**Q** 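Structure provided below as C-alpha cells; questions to follow.
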Amino acid sequence: MKVFLTGGTGFIGQALTRCMLQRGWSVVALARRADSPRALQLRRMGAELTAGDVTNRESMRAEMQGADVVVHTAGMYEFGVDKAGAHRMREVNVAGTENVLRLAHELHIRRTVHVSSVKAFGGSGAEPRDETYVRQMPCRTIYEQSKVEAHEIARRYQQLGSPVIIVCPNQVIGANDHSVFGYLLRAYVNGVMPPAAWGPDSTISYVDVDDAAVGIALAVEKGRDGETYLLCGEPQTLKQTLTYWNTKPGGLRARAWLPAWLAAALVAPLEPLQRKLGLPAVLSRESVRAGSTSWNYSSAKARFELGWGYRCAEDLWTAAFEAELRLLAQRKKQRLLERLKPLESTAGDEDDLASGQHSEAMAQPIRASE
C-alpha cells in the first residue's frame, strides 16, 4: 500500500511514519524542506520525501496522484500565538485541510484519513463523552477554533460521499513533544517547573504518541468511510498528573493551585517575553483557558470497531519521563533555554523516543468497558 502523508515531520507524524513502515507500507512524506533534520530522519526510517506544502495544493498533486491512501496529519499546534501566528495557523490548519481533502476528492483517492482532534468537540465537562457529543461551549483558543473549522471541512467531504475517515486523538504525550505538556515536562526534568498551576480538577484522557499512531493506522486498515473515531486513553485530572510527576526526578513542585482568572493575569505579561526568547508562549492566557477545561473523551468506538488499545496513564508518563531523561543526558552542554525546546532531530534514538519499542500487542484495552 502506498500512503501519501502530510505532517510526517511533526510529533505525531514521525511516530506514524515509523508505524506505517513497520506494517510494510510505502510512505511518501510531504515536507516543506526535504533537507531539514526532521525530514532527513524520515528518510533514514525508510520513507520517501517529496517537497511541497499543504498551503499550496498543486505542490501535492503529482505525488498524491499515485497514492492508495492519503493521511493528513499536518497542522500547527500552539497556544498564545500573536497575530502573525494566528494567520499562519489558519492557513495551515484550515486552508491546508481544504487543499488536501479537495485534491484527494478530485483524484478519487480510495481512502483519506483526516487527523483531527477532540478539540473539535469542545470541552467535555467532567463526564466522559464520545463521537455523538455536541459542543456545549465556545472555542477558548485560536488553535481550537482552527481545529473546529478543519473538522467541519472533513465532515463536508464525508457528506459529499468522499471516502474520508476522521480520527480525533486527545492530548498526545511522548518525549520531544512540542505541546505545552512537552515544554512543561522538559522544564520539570531541568528543575525549573513553575511552583504554581491551575485547573486541578480538569480531566484529560491522554494518549501515548505511539498508541495514537497505531490507532490512525488501524483507521486506514479497518475504519468505515464517513465515520469518526476518538483516540483517548485513561482519564486523569491535572492534579493527579502533577502528583505523579512529583514521584520522578526534577522540580519544582506545584505548591499552589491558582484560580484561572489569577493565573491568566499573571502569565499575560510573559507571552511577548517568551516569544522574544525564541519560545512559544507556553505560559499564556490561552494555555490557562485550555488547562482549565476538561477533555474527558472515550475511545470505546475505536476499541470496538478497530481493535485499538492504549496504555494506562502511569505507563504513558513513565515512558515519556524515561525518554526525556535520556535526551537530557545528551544535552548537558546546551544552555537551559535550548534544553527546554524539542530537538530538531533525534537520529539514533528512534527506538527509545516516545516508546518506539512499544508494540501494538502491548497496547491492548485496559478496561472491559467505558
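Keep in mind it's a predicted model, so treat the numbers as computed, not measured.
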**Q** Check the pair Arg156 / Glu98 against salt bridge (Lys or Arg N to Asp or Glu O under 4.0 Å), numbers first and verdict last.
**A** CA-CA 10 Å; Arg156 175 162 53 84; Glu98 173 65 37; 2.6 Å; yes
**Q** Should we say atom CZ of Arg275 is surrounded by more than 12 heavy atoms from elsewhere, each under 6.0 Å from it?
**A**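 Enclosed.
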**Q** Is there a donor-acceptor pair closer than 3.5 Å between any side-chain N or O of Glu149 and the backbone N or O of Val94?
**A**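 Not a single qualifying donor-acceptor pair exists.
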**Q** Under 3.5 Å, side chain of Arg111 to main-chain N/O of Val220, donor-acceptor pair present?
**A**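 It does hold such a pair.
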**Q** If you draw a 6.0 Å radius around NE2 in His178, do more than 12 non-hydrogen atoms from other residues or ligands fall strictly inside?
**A**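 Yes, enclosed.
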**Q** Regarding Asn296 and Thr203, is there a side-chain donor-to-acceptor distance under 3.5 Å anywhere?
**A**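 Side-chain D/A pair, Asn296 to Thr203: absent.
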**Q** Can Arg140 and Glu286 be said to form a salt bridge (Lys or Arg N to Asp or Glu O under 4.0 Å), step by step?
**A** CA-CA 7 Å; Arg140 311 198 72 188; Glu286 285 198 332; over 6 Å; no
**Q** Rounded to the nearest 0.5 Å, how far apart are CD1 of Ile216 and OH of Tyr229?
**A**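 Those atoms lie 14.0 Å apart.
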**Q** Just wondering, more than 12 heavy atoms not from Arg88 lying within 6.0 Å of its CZ?
**A**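 For Arg88, atom CZ is crowded (more than 12 foreign heavy atoms under 6.0 Å).
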**Q** Ser205 side chain to Glu234 main-chain N or O, any donor-acceptor pair under 3.5 Å?
**A**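 Answer holds: no.
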**Q** Evaluate salt bridge (Lys or Arg N to Asp or Glu O under 4.0 Å) for Arg186 paired with Glu324, printing each intermediate quantity in order.
**A** CA-CA 7 Å; Arg186 285 186 292 277; Glu324 281 292 359; 3.4 Å; yes
**Q** Would you check, one step at a time, whether the test salt bridge (Lys or Arg N to Asp or Glu O under 4.0 Å) holds for Arg155 with Glu152?
**A** CA-CA 5 Å; Arg155 288 284 299 122; Glu152 287 305 310; 5.8 Å; no
**Q** Return yes if a side-chain donor-acceptor contact under 3.5 Å exists between Arg129 and Ser298, otherwise no.
**A**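 No.
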**Q** Between Thr293 (side chain) and Arg289 (backbone), is there a donor-acceptor pair under 3.5 Å?
**A**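 The answer is yes, because a donor-acceptor pair under 3.5 Å joins these two groups.
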**Q** Counting only heavy atoms from other residues, nucleotides and ligands, does the tally under 6.0 Å from NZ of Lys239 exceed 12?
**A**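 Result for NZ/Lys239: open.
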**Q** Taking atom types as modelled and ignoring hydrogens, do the side chains of Gln41 and Arg38 form a donor-acceptor contact shorter than 3.5 angstrom?
**A**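 The criterion, which ignores hydrogens and geometry beyond distance, is not satisfied for Arg38 and Gln41.
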**Q** Using modelled atom types and a 3.5 Å cut-off, is there a donor and acceptor pairing between side-chain atoms of Arg335 and backbone atoms of Leu337?
**A**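 Side chain of Arg335 to backbone of Leu337, a donor-acceptor pair under 3.5 Å: no, none is there.
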**Q** If you measure only the distance, is there a donor-acceptor pair under 3.5 Å linking the side chains of His72 and Thr112?
**A**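 No, Thr112 and His72 have no side-chain donor paired with an acceptor closer than 3.5 Å.
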**Q** Under a 4.5 Å side-chain heavy-atom rule over Ile, Leu, Val, Met, Phe, Trp and Tyr, are Val180 and Leu277 clustered together?
**A**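 Yes, one cluster joins them.
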**Q** Do Tyr157 and His114 have ring centres separated by under 6.0 Å?
**A**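 No - the distance between ring centres of Tyr157 and His114 does not fall below the 6.0 Å cut-off.
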**Q** Find out whether Lys119 and Val148 are in side-chain contact, i.e. whether some heavy atom of one side chain is under 4.5 Å from a heavy atom of the other.
**A**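 Counting from C-beta outward, Lys119 and Val148 never come under 4.5 Å.
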**Q** Just so I know, are the side chains of Val167 and Leu231 near enough to count as touching, which here means a heavy-atom distance under 4.5 Å?
**A**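 Contact flag for Val167/Leu231 side chains = yes.
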**Q** Closer than 3.5 angstrom, by distance alone: can the side chain of Asp208 be matched with the main-chain N or O of Leu316 as a donor-acceptor pair?
**A**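 Side chain of Asp208 to backbone of Leu316: no pair is present.
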**Q** Are the side chain of Ser117 and the backbone of Ala120 linked by a donor-acceptor contact shorter than 3.5 Å?
**A**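 Not confirmed, Ser117 side chain does not pair with Ala120 backbone.
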**Q** Where the side chain of Thr17 meets the backbone of Gly13, is there a donor-acceptor pair that is under 3.5 Å apart?
**A**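 Looks like yes, one N/O pair under 3.5 Å.
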**Q** Check whether any side-chain N or O of Trp295 sits under 3.5 Å from a backbone N or O of Gly125 as a donor-acceptor pair, and report yes or no.
**A**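 Absent.
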**Q** Looking at Pro280, Ser284, Ser287, which hits side chain to side chain contact (heavy atoms under 4.5 Å, CB included) with Glu78?
**A**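 Result: among Pro280, Ser284, Ser287, Pro280 is the only option passing the side chain to side chain contact (heavy atoms under 4.5 Å, CB included) with Glu78.
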**Q** Would a single hydrophobic cluster contain both Leu262 and Trp257, if residues Ile, Leu, Val, Met, Phe, Trp and Tyr are joined by side-chain heavy-atom contacts under 4.5 Å?
**A**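 No, because Trp257 and Leu262 fall into different hydrophobic clusters, even though each may have its own neighbours under 4.5 Å.
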**Q** Hey, could you give me the CG/CG distance between Leu42 and Leu5, rounded to the nearest 0.5 Å?
**A**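 Reported to 0.5 Å precision, the distance equals 8.0 Å.
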**Q** Determine whether a donor-acceptor pair (N or O, by modelled atom type, separation under 3.5 Å) exists between the side chain of Ser299 and the backbone of Ala302.
**A**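 No; judged by distance alone, with no hydrogens or angles, the pair does not exist.
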**Q** Classify the ring geometry between Phe321 and Tyr188 as parallel (under 30°), tilted (30 to 60°) or perpendicular (over 60°).
**A**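 If you compare the ring of Phe321 with that of Tyr188, the planes turn out perpendicular.
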**Q** For the pair Trp245 and Phe181, name the ring-plane relationship: parallel under 30°, tilted 30 to 60°, perpendicular over 60°.
**A**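 It falls in the perpendicular class, over 60°.
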**Q** Step by step, would you call Tyr206 with Thr241 a side-chain contact (heavy atoms from CB on, under 4.5 Å)?
**A** CA-CA 10 Å; Tyr206 306 100; Thr241 298; 2.9 Å; yes
